[in-house]
Asks: 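Got a structure for you, written out below as structure tokens; questions coming shortly.
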2 protein chains.
Amino acid sequence: MATIRDVAKLAGVSTATVSRVLNEQGGVNSETKQKVLDAIKKLNYKPNTIAKNFRQNKTDTIIVVIPDITNTFFSKILLGMQDVANANGYNVLLCNTNNDVEKELEYIRFTERRGADGIIFLTARVNYTNILELTKTCPVVVACEYIDNLDIPTVSINNFKAAYEATEYLIKLGHKKIAYINGPKGIVLSRDRLRGYKAALERYGIEIDEKLIFEGDFYYESGYKHAKQILENGASAVFTASDDMAAGFIRYCIDNNIKVPKEVSVVGFDNIKLASIIKPELTTIAQPMYEIGSTAMDMLIKLIKGEEVEKRNIVLEHQLIVRESCMPYEKSYVKTLK
Amino acid sequence: MATIRDVAKLAGVSTATVSRVLNEQGGVNSETKQKVLDAIKKLNYKPNTIAKNFRQNKTDTIIVVIPDITNTFFSKILLGMQDVANANGYNVLLCNTNNDVEKELEYIRFTERRGADGIIFLTARVNYTNILELTKTCPVVVACEYIDNLDIPTVSINNFKAAYEATEYLIKLGHKKIAYINGPKGIVLSRDRLRGYKAALERYGIEIDEKLIFEGDFYYESGYKHAKQILENGASAVFTASDDMAAGFIRYCIDNNIKVPKEVSVVGFDNIKLASIIKPELTTIAQPMYEIGSTAMDMLIKLIKGEEVEKRNIVLEHQLIVRESCMPYEKSYVKTLK
DNA sequence: TTGTAAGCGTTATCAT
DNA sequence: ATGATAACGCTTACAA
């Protein structure tokens with residue numbers, strides 16, 4: 001494998017000159033430049049990226065820690081991240097944790113060892129003190145979760161408010177027995193959404209019924225699994241912390257000949273593509289996925305470059321997307337029966 | 001940032017000894033080792049990965065070039081890749097091309113410059129000579145496509161045979177006007193699947209009707225888009241080169257009150273999760289996604305390590321999964337009408 | 001068991 | 001405009 005020295009020798013110049021040509025720094029005589037270019041071609045020389053990175057003490061690589069790569073919600077966010085990263089000359093090293101805290105810690109270690117210039121977490125399972133520790137030695141951004149009090153940069157929607165609005169929407173349709181399938185405990189956004197759900201009920205004087213609150217894991221299967229109990233407990237509407245769970249819930253209804261929204265109304269969360277593919281189309285909270293990704297990456301790159309970041313906790317707008325999966329309680333089947 | 005020299009100095013030993021402790025090579029007195037460990041702790045020393053990589057002339061990183069990260073088919077494959085890579089101490093650098101040839105070339109260049117130890121393509125848009133060129137300087141594996149004649153290692157199913165069997169299944173159900181929505185031209189697997197489709201028709205003496213053959217792009221929308229024409233051209237069954245396109249086709253039918261499979265039978269390809277989420281559940285060709293990923297990564301790592309690879313073109317087994325989206329032509333609505 | 005020192009390929013500083 | 005050379009942090013012969 002040819003090195004810069006081989007090129008220099010063949011071109012009859014110094015390595016410094018070759019380097020200047022390579023990096024298009026100018027200040028090189030055009031004849032000299034041509035000689036160098038010829039030598040590069042002749043030797044089929046490819047600059048060694050590792051050596052360059054080593055010398056410059058940077059990797060041009062950013063780690064993105066993702067809890068589940070098969071979830072299209074995350075892959076949409078990734079799209080925004082990659083565009084911004086590539087536009088700034090960075091590569092994205094995608095790390096899938098499968099919701100495993102140990103893996104998260106592994107990637108934190110990797111970054112500390114300068115395997116990457118910065119790191120973004122899409123939802124963290126790990127104790128925040130670990131991340132806080134990391135911020136001291138390395139640029140970090142957390143996306144999708146809002147963390148106050150701790151000095152960790154974040155980009156997210158207002159999960160509390162979004163869940164509040166989704167619940168309020170169902171309340172205003174006349175529903176009173178509204179079930180909620182939450183994300184896993186121990187994740188900040190689960191906590192926030194649960195609070196939003198409860199706050200809405202309280203605001204409208206509906207008693208909180210713990211028998212209508214379930215802990216899911218965001219997956220389709222967990223929506224399906226809890227459906228039976230939810231229905232048996234008399235809910236006329238369900239709000240879920242992910243579209244996948246909503247889809248699972250609806251599928252249970254289809255399999256058991258229960259009509260959505262005629263017999264149960266359903267609201268999801270995320271507005272992934274699936275939400276508009278299934279029938280009935282899902283009413284859901286839309287997160288600006290691409291924008292979350294691009295904004296988070298933008299912030300991280302500023303942090304890496306040591307630029308000033310005006311706002312360290314960015315909150316983006318969500319939106320309730322009304323489609324076909326809800327119906328006023330008044331018109332619903334259960335009501336009509338009486 | 002503390003270096004190995006700082007640690008050596010504080011522990012009162014040489015850098016060689018620190019390195020030995022760091023890499024757990026043994027042959028270090030346990031007292032000495034303890035001194036080193038103490039110094040590491042005291043200085044909060046983290047070994048510099050780039051320096052190590054540089055010295056050892058490797059990155060422990062493998063590039064995976066993916067045409068579309070939001071496609072769960074690819075992310076499932078990725079799961080298998082990551083497991084094998086991580087088990088062998090490699091990181092996976094995921095590169096999304098969005099089906100852009102220019103981006104593919106970019107990642108080829110990146111690898112040539114030793115930015116990674118090896119590269120896997122999940123379907124290539126690029127001219128194969130570019131990849132062939134790359135194989136001379138760098139370990140390469142192509143997954144999902146079988147390429148004969150050229151000496152490029154591959155892992156895939158037999159796409160010809162799979163498409164043949166899917167088509168044959170429809171023929172045996174009595175269908176004669178069977179439409180096919182292919183993947184994009186210029187991809188080897190599109191070519192192979194199209195051949196399989198045509199071969200089955202020929203084998204059973206059904207004339208090939210070019211008006212029933214469409215070029216899609218694997219996406220949901222392209223299944224939806226071609227549905228009208230397919231139906232107008234009188235097809236009683238459709239085979240598509242991806243589950244997403246099949247889902248799009250079915251959705252068009254739902255939107256236009258056409259019953260699947262009562263009025264049209266549909267067979268997809270890939271067996272992604274969506275196939276069993278939608279109604280009717282999709283009959284489809286199952287690819288062993290995880291296994292394709294793990295096998296490809298396994299092969300690449302062997303290549304990187306310079307180990308012998310017995311078989312350079314691995315073909316894994318596919319399977320026709322029969323669900324709800326097909327029906328015998330005899331029983332179908334159109335037939336019944338007569 | 002431990003230490004010395006060369007060297008990986010590049011960039012960047014300082015001369016010329 | 002060009003060159004000489006130190007330096008980046010680590011591993012690894014080889015020597016002791």
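Chain A is the first sequence line, chain B the second, and so forth, proteins listed ahead of strands; every chain is numbered from 1.
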Asks: Shortest non-hydrogen contact from Val126(B) to Leu105(B)?
Replies: CG2-CD2, 3.7 Å
Asks: Taking 4.0 angstrom as the limit, do Lys42(B) and Asp38(B) come out as a salt bridge?
Replies: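 Salt bridge flag = no for Asp38(B) with Lys42(B).
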Asks: Which nucleotides of nucleotides 4-9 of chain C have their base under 4.0 Å from a protein heavy atom (B), which only their sugar-phosphate (S), and which neither (-), written as one string 5' to 3'?
Replies: BBBBBB
Asks: With a 4.0 Å cut-off, would you call Arg109(B) and Glu102(B) a salt bridge?
Replies: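 Answer for the salt bridge query: yes.
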Asks: Please tabulate, for the side chains in residues 73-84 of chain A, all donor-acceptor contacts under 3.5 angstrom to protein atoms that are two or more places apart in sequence or on a different chain.
Replies:
unit_1: Ser75(A); atom_1: OG; unit_2: Thr72(A); atom_2: O; d: 3.1
unit_1: Gln82(A); atom_1: OE1; unit_2: Asn96(B); atom_2: ND2; d: 3.4
unit_1: Asp83(A); atom_1: OD2; unit_2: Tyr290(A); atom_2: OH; d: 2.5

Asks: Could you give the NZ-to-C1' distance, from Lys9(B) to dG3(C), as a whole number of Å?
Replies: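 Answer to the nearest Å: 16 Å.
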Asks: How many angstroms lie between atom CG of Leu150(A) and atom OG1 of Thr135(A), to the nearest 0.5 angstrom?
Replies: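 If I round to the nearest 0.5 Å, the distance is 9.0 Å.
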Asks: Assess whether atom CD of Glu308(A) is packed by more than 12 heavy atoms of other residues, nucleotides or ligands within 6.0 Å.
Replies: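 For Glu308(A), atom CD is not crowded (no more than 12 foreign heavy atoms under 6.0 Å).
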Asks: Using whole Å, report how far CG of Asp60(A) lies from P of dT10(C).
Replies: 16 Å
Asks: Do Tyr107(A) and Glu112(A) have a side chain donor and acceptor closer than 3.5 Å?
Replies: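 Looking only at side-chain atoms, Glu112(A) and Tyr107(A) do not form any donor-acceptor pair under 3.5 Å.
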Asks: Going by number, which of residues 25-36 of chain A have a non-hydrogen atom under 4.0 Å from DNA chain D?
Replies: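 Going residue by residue through residues 25-36 of chain A, the ones with a heavy atom under 4.0 Å of DNA chain D turn out to be Gly27(A), Val28(A), Asn29(A), Thr32(A).
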Asks: Rounded off to whole Å, could you give me the CD1-to-P distance for the Ile50(B) and dT10(C) pair?
Replies: 16 Å
Asks: Start with the C-alpha distance between Asn99(B) and Arg125(B), add both sets of side-chain angles, then the distance that settles side chain to side chain donor-acceptor pair (under 3.5 Å), and finish with yes or no.
Replies: CA-CA 7 Å; Asn99(B) 296 306; Arg125(B) 263 0 210 225; 3.0 Å; yes
Asks: Have a look at Asn23(A) and say if it touches a base, only the backbone sugar-phosphate, or nothing, with a 4.0 Å heavy-atom cut-off.
Replies: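 Sugar-phosphate, backbone atoms only, no base.
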